[in-house]
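The chain is numbered in sequence order, starting from 1.
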Amino acid sequence: MKKVIIGLGLLCVYQMGNAQEAIKELPGKPELVSSEQTLAKLAAAEKGDYKYTVEDYFKKPAQSEFQLSPNGNYLSYRQRDTNGKRHVFIKDINTKKTTLVLKETEDLIRYYGWANNNRLLYIKDNAGDENHHLFAVDIDGENNKELTPFKGVKVMFKSELPDQEDYIIILMNKTNPQIFEPFKINIKTGALEKLFENTDMFNPVDEYYFDKNGDLKAYSRKEQVTEKVLYYRSSKDAPFEKVIQTNWNQNFYMLDFDHTGKYPNGAYMISTLETNTNEVVLYDLKEKRVIKKMFHDSTFDVSSWRYSKKRNYEIDFFYYNGEKQVYVPVSETYKKMHKRFTSEFPDKEYQITSVTKNEDKYLLYITSDKLYGTYYFYDQQKDTIEELFNLMPQLKPVEMAEMRPIKFKSRDGLDIYGYLTIPKDSKEKKVPLIVNPHGGPYGPRDLWRFNPETQLFASRGYATLQINYRGSGGYGKKFFTAGFKQIGRKMLDDLEDGVAYAKSLGFIDETKIAIYGGSYGGWAALGGLVKTPDLYTCAVDYVGVSNLFTVFKSFPVYWKPYLKQMYEMMYDPENPEEVEIMKAISPALNAEKITKPLFVVQGANDPRVNIDESDQIVENLRKRNFDVPYMVKYNEGHGFSHEENQIHFYKTMMGFFAQNLK
C-alpha cells in the first residue's frame, strides 16, 4: 500500500487551460467522471443529526506515528496542519525542544523512520504510482537529500546494518524494471554498491537473506515458473549451494539467521512442509535438517516473532492472529512484560511500535474494536507506563460499536471466520447490512481492530459483515489453496453464506443488504451484483477489477515474472476452458446483468488496478442508460491517501447508502 502527486497539477491545467488539451493528459476517460455537482447531490442524500461526522472518523490525528530514537533521547512524530498535511517533528526528551524536521507537500510521506541517532529516512512516490523513492534528512532538518533519484524505479527497504550506521541495504529494479537487486546505500551521500547481479528474468531471485554484518548468506530463486529454490553459503567466500526446492505455494522462508553463535549454519524458518499451518523451525542450512521445532498452532498461521539483541538474541515471543491477536511469550523477561501489559490494558490489544537500542524504553500502541488507538511510554527499569497521546479523543469508546468475531460453515463444509460490527440500535429494530470483503484476494485477511469504516457505518445504523473467505491468509495452506480458481465462484459463495449466517441472528433487514469493497473487494462487489442480483440492494466498487483479461495486461512490470503464478491462483488466459470462466465472471463483460444501483470510485494513477478497469464498467453500464456515479481522484493510486479525498469519498458513499438503504 503506497500511493501519491501529479493529479492536482493536471487538474489545475484542466480547470484553467484548454479543456480538450488537458483531458488528453489525464489518465483514463475523464469524460466519464461524474461532475462535482452530481457527487455533491449524492452526498447530500444523507440527512440526519448524527453525533459523529465523517471528519470525526477520517480526519488525520493531530499527532501520530510516534517513534523513539535508538538512544532514547528523542521522540519523533507526525503532526497534522490545518490543510491535512502531516509534517515530521522531533522532540528532545531532555530539553523538551521541538524541531520541525520535514514538511509534507503534495508528495505524501509514505513512511519515515530512524536510520540512526542523527538521521531519518523517509519514502515518497509520485501521485500513487508506487515507484517509491528513498530520502534522508538530519534530525535538525538539514541535509535533506533524495538518495534514489531514478525515474520509474521502485525502492524497498531490506536490511539495517547495526555496525555500519551510515548504510542500509535496499532493493531496486534499477537495472531491469522487472527484477529487484540488492544495493548497499550510504544514507548521507546516496553512494550505491550493488551486492548481487540478478540477471535471469526467467528464473529471478525473489528474496535475499543478509546476516547482521551485511553479507549475503542465502537467497531464494524462482525456477521453472512455479518452483522456488533456496541457496545458502556458509561463509563469504564459499559458493552458494542448493538447500531445498519447493512449490511456490509451500512456505519455507527465513525469519532470520541464528545469531547466538550456537548454530553457525542455523536459521529460523517459517515452514508448511510438514504442517497445514505455519510453524517456526530452527533449521541447519548446511546439513539440510530441522534442528528444533519452535512453535506451531494447528488452526492459525504464526506470523511474527521478536528477539532481544541485548540478551544475545534470546527469543521473546511468537505471535499470530486468531480471532484476535495472540502473543506466546517465550523468555522470562518477556513473560513479565506481557503480564504487565495485559493486566494494565485488559480487553485491549497492544503492539510494541518502538524500542531503544538498550531495550529499556518502549512505545506501546493500545487499541481495540472500540478504541481508535493510544500511545503509551513504558520504562522497563522503573516498570512504569505513562500515557503519551490519544489519537482520536473525540471518539468515545463507550459509544463505539462492537466488532464481534464470528465463525460458520460454508455450504461445502469449510470453517469460515469473520467479523460482524453491530450498531447500537440493533436490539430495537432490524438494521441494514453492508458486506465488506477485503482485498487481495490471496493472502490478506480482516482482523479484530478499530475500523473507522465499520464504525462510521454503525453510527448510521448499518451492520458490517467482513468475511475471511477461502484464499484469505492466516488459516493454513489448505484454506489458502481452496481459493484457487474460485474468483467469481466459491469465493462469492462464502460471502453469500456469510450473509445467510448474519440473517440467522435475527437483527438484519433482509431487504437492505449492500456490498462494498476495495481492490479485489471492489471486484467482489461487482461480481455480487452479477452473480446474485436479488441478494444485494446496491454496491460500491472502490479501485476494483472489472475485467480479468485486461487487468492481467496492466499489472506493474515488476509483477510480470509472477504472472504464471497468478494464473495458477486465478485463471489462465492461455487455457481455453478457463478463458470461458473468465468471460463469465468478468463484470465488465456481463454488465447487462447488473440491475442494482452502483457507485464506482478510482485513483487515476493506480499501478495495480488500472483506471481502465473502472472506466470499462462505467462505460458499459452507461451504454444501457444505467446511471452510475463515478468518482476519480487524479492525485491518488490504489486507494485514497489524501485526507480531503478520503473525506469526500466517505461523505459521497454515505449519501449513496442513505439513498438506497434507508
Side-chain angles (χ1 to χ4, degrees), residues 1 52 54 56-61 64-66 297 299-304 306 317 319-328 338 341-342 344-354 363-376 387-407 416-424 434-441 443-459 462-469 472-475 498 502 516-521 542 639-641 646 650:
M1 321 191 222
Y52 293 110
V54 168
D56 285 327
Y57 293 101
F58 291 98
K59 185 178 178 180
K60 304 297 185 187
S64 60
E65 297 183 31
F66 292 86
D297 182 85
T299 305
F300 303 106
D301 288 326
V302 58
S303 56
S304 185
R306 189 183 187 93
F317 64 77
Y319 173 93
Y320 66 90
N321 277 297
E323 292 185 337
K324 298 181 180 180
Q325 73 172 19
V326 178
Y327 285 92
V328 182
H338 178 70
F341 300 157
T342 53
E344 182 78 17
F345 306 108
D347 303 319
K348 304 289 192 301
E349 292 190 344
Y350 74 85
Q351 294 177 356
I352 296 174
T353 61
S354 190
L363 290 185
L364 303 179
Y365 184 66
I366 308 301
T367 187
S368 74
D369 58 338
K370 298 180 181 181
L371 174 65
Y372 187 99
T374 303
Y375 281 93
Y376 287 82
E387 182 174 330
L388 180 62
F389 196 82
N390 184 345
L391 295 185
M392 288 288 192
Q394 75 275 16
L395 298 177
K396 306 302 180 186
V398 69
E399 296 173 340
M400 298 296 108
E402 173 195 2
M403 186 181 191
R404 181 186 300 173
I406 60 173
K407 177 184 175 183
I416 306 289
Y417 292 84
Y419 301 93
L420 188 60
T421 301
I422 306 168
K424 295 271 187 183
I434 298 173
V435 181
N436 181 213
H438 64 73
R445 56 158 289 185
D446 280 313
L447 303 169
W448 188 84
R449 61 185 177 89
F450 187 93
N451 186 321
E453 283 189 338
T454 62
Q455 292 295 339
L456 171 63
F457 298 159
S459 74
Y462 310 129
T464 305
L465 178 67
Q466 296 171 285
I467 297 299
N468 287 325
Y469 47 78
S472 300
Y475 300 97
Y516 149 63
S519 194
Y520 164 79
Y542 179 43
F640 293 176
S641 295
Q646 290 180 337
Y650 285 107

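When the side chain to side chain contact (heavy atoms under 4.5 Å, CB included) test is applied to Pro405, the partners found at least two apart in sequence or on another chain are Glu323, Lys324, Tyr419, Trp448. Applying the side chain to side chain contact (heavy atoms under 4.5 Å, CB included) test to Ala463 and every residue at least two apart in sequence or in another chain returns Pro423, Val431, Leu433, Ile508.
For the pair Arg306/Ile352, a side-chain contact is recorded, criterion being any heavy-atom separation below 4.5 Å from C-beta on. Counting only heavy atoms from C-beta outward, the side chains of Ile467 and Ile406 approach each other to under 4.5 Å. The closest side-chain heavy-atom distance from Arg445 to Asn321 is below 4.5 Å. Within the 4.5 Å cutoff, side-chain heavy atoms of Phe457 are placed close to those of Tyr516. Using a 4.5 Å heavy-atom threshold, the side chains of Tyr650 and Pro452 count as separate. Thr464 places none of its side-chain heavy atoms less than 4.5 Å from the side chain of Asn451. Proximity of Glu453 to Phe58: side-chain heavy atoms (C-beta onward) are separated by under 4.5 Å at one or more points. The shortest side-chain heavy-atom distance between Arg449 and Asp369 does not fall under the 4.5 Å cut-off.
Ring pair Tyr365/Tyr376: centre-to-centre distance not below 6.0 Å. Aromatic rings from Tyr417 and Tyr475 are positioned such that their centres are separated by under 6.0 Å. In this structure, Tyr469 has its ring center closer than 6.0 angstrom to the ring center of His438. Between Tyr375 and Phe389, the gap from one ring centroid to the other reaches at least 6.0 Å.
Using a distance-only test at 3.5 Å, with no hydrogens or angles considered, no donor-acceptor pair links the side chain of Glu402 to the main chain of Leu420. Distance alone, capped at 3.5 Å, places no donor-acceptor pair between the Asn390 side chain and the Thr374 backbone. The backbone N or O of Phe640 sits less than 3.5 Å from a side-chain atom of Gln646, completing a donor-acceptor pair.
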task = Using the side chain to side chain contact (heavy atoms under 4.5 Å, CB included) rule, take Leu388 and Leu363 through it: C-alpha gap first, then chi angles, then the decisive distance, then the call.
result = CA-CA 9 Å; Leu388 180 62; Leu363 290 185; 4.0 Å; yes

query = Going through the checks in order, is the side chain to side chain donor-acceptor pair (under 3.5 Å) test met by Gln325 and Tyr350?
reply = CA-CA 9 Å; Gln325 73 172 19; Tyr350 74 85; over 6 Å; no

task = For side chain to side chain contact (heavy atoms under 4.5 Å, CB included), just list the numbers for Leu395 and Asp56, CA-CA rounded to whole Å, side-chain angles, deciding distance to a tenth of an Å, and then say yes or no.
result = CA-CA 7 Å; Leu395 298 177; Asp56 285 327; 4.1 Å; yes

ask   = Passes side chain to side chain contact (heavy atoms under 4.5 Å, CB included), Thr454 versus Leu456? Steps please.
value = CA-CA 5 Å; Thr454 62; Leu456 171 63; over 6 Å; no

Worked verdict on Tyr542 versus Ser519 for side chain to side chain contact (heavy atoms under 4.5 Å, CB included) = CA-CA 6 Å; Tyr542 179 43; Ser519 194; over 6 Å; no

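Nearest approach of Ser368 to Asp347, heavy atoms of both residues: CB-O, 3.9 Å. Here the closest heavy-atom approach between residue Ala401 and residue Ile422 is recorded as CB-O, 3.3 Å. Across all non-hydrogen atoms, the minimal contact from Pro397 to Leu371 is CG-CD1, 4.1 Å. Between Val398 and Lys424, the closest heavy-atom pair is O-NZ, 3.0 Å.
Among residues at least two apart or in separate chains, there is no salt bridge (Lys or Arg N to Asp or Glu O under 4.0 Å) pair with a member in residues 388-397.
Checking Gln394, Gln455, Glu399 one by one against Tyr52, the side-chain hydrogen bond (donor to acceptor under 3.5 Å, both in side chains) holds for a single residue, Glu399. Under the side-chain contact (heavy atoms from CB on, under 4.5 Å) rule, Val328 has a single partner from Phe317, Tyr320, Tyr319, which is Tyr320.
Between Glu65 atom CD and Leu391 atom CG the span is 9.5 Å, to the nearest 0.5 Å. One distance of note links CD of Glu387 with CD1 of Ile366; it measures 10.5 Å at 0.5 Å rounding. Once rounded to the nearest 0.5 Å, the distance linking CE of Met403 with OG1 of Thr421 reads 5.0 Å. Atom CG of Asp297 sits about 11.0 Å away from atom OG of Ser303, to the nearest 0.5 Å.
More than 12 heavy atoms of other residues, nucleotides or ligands lie within 6.0 Å of NZ in Lys370, so this atom counts as buried by the packing criterion.
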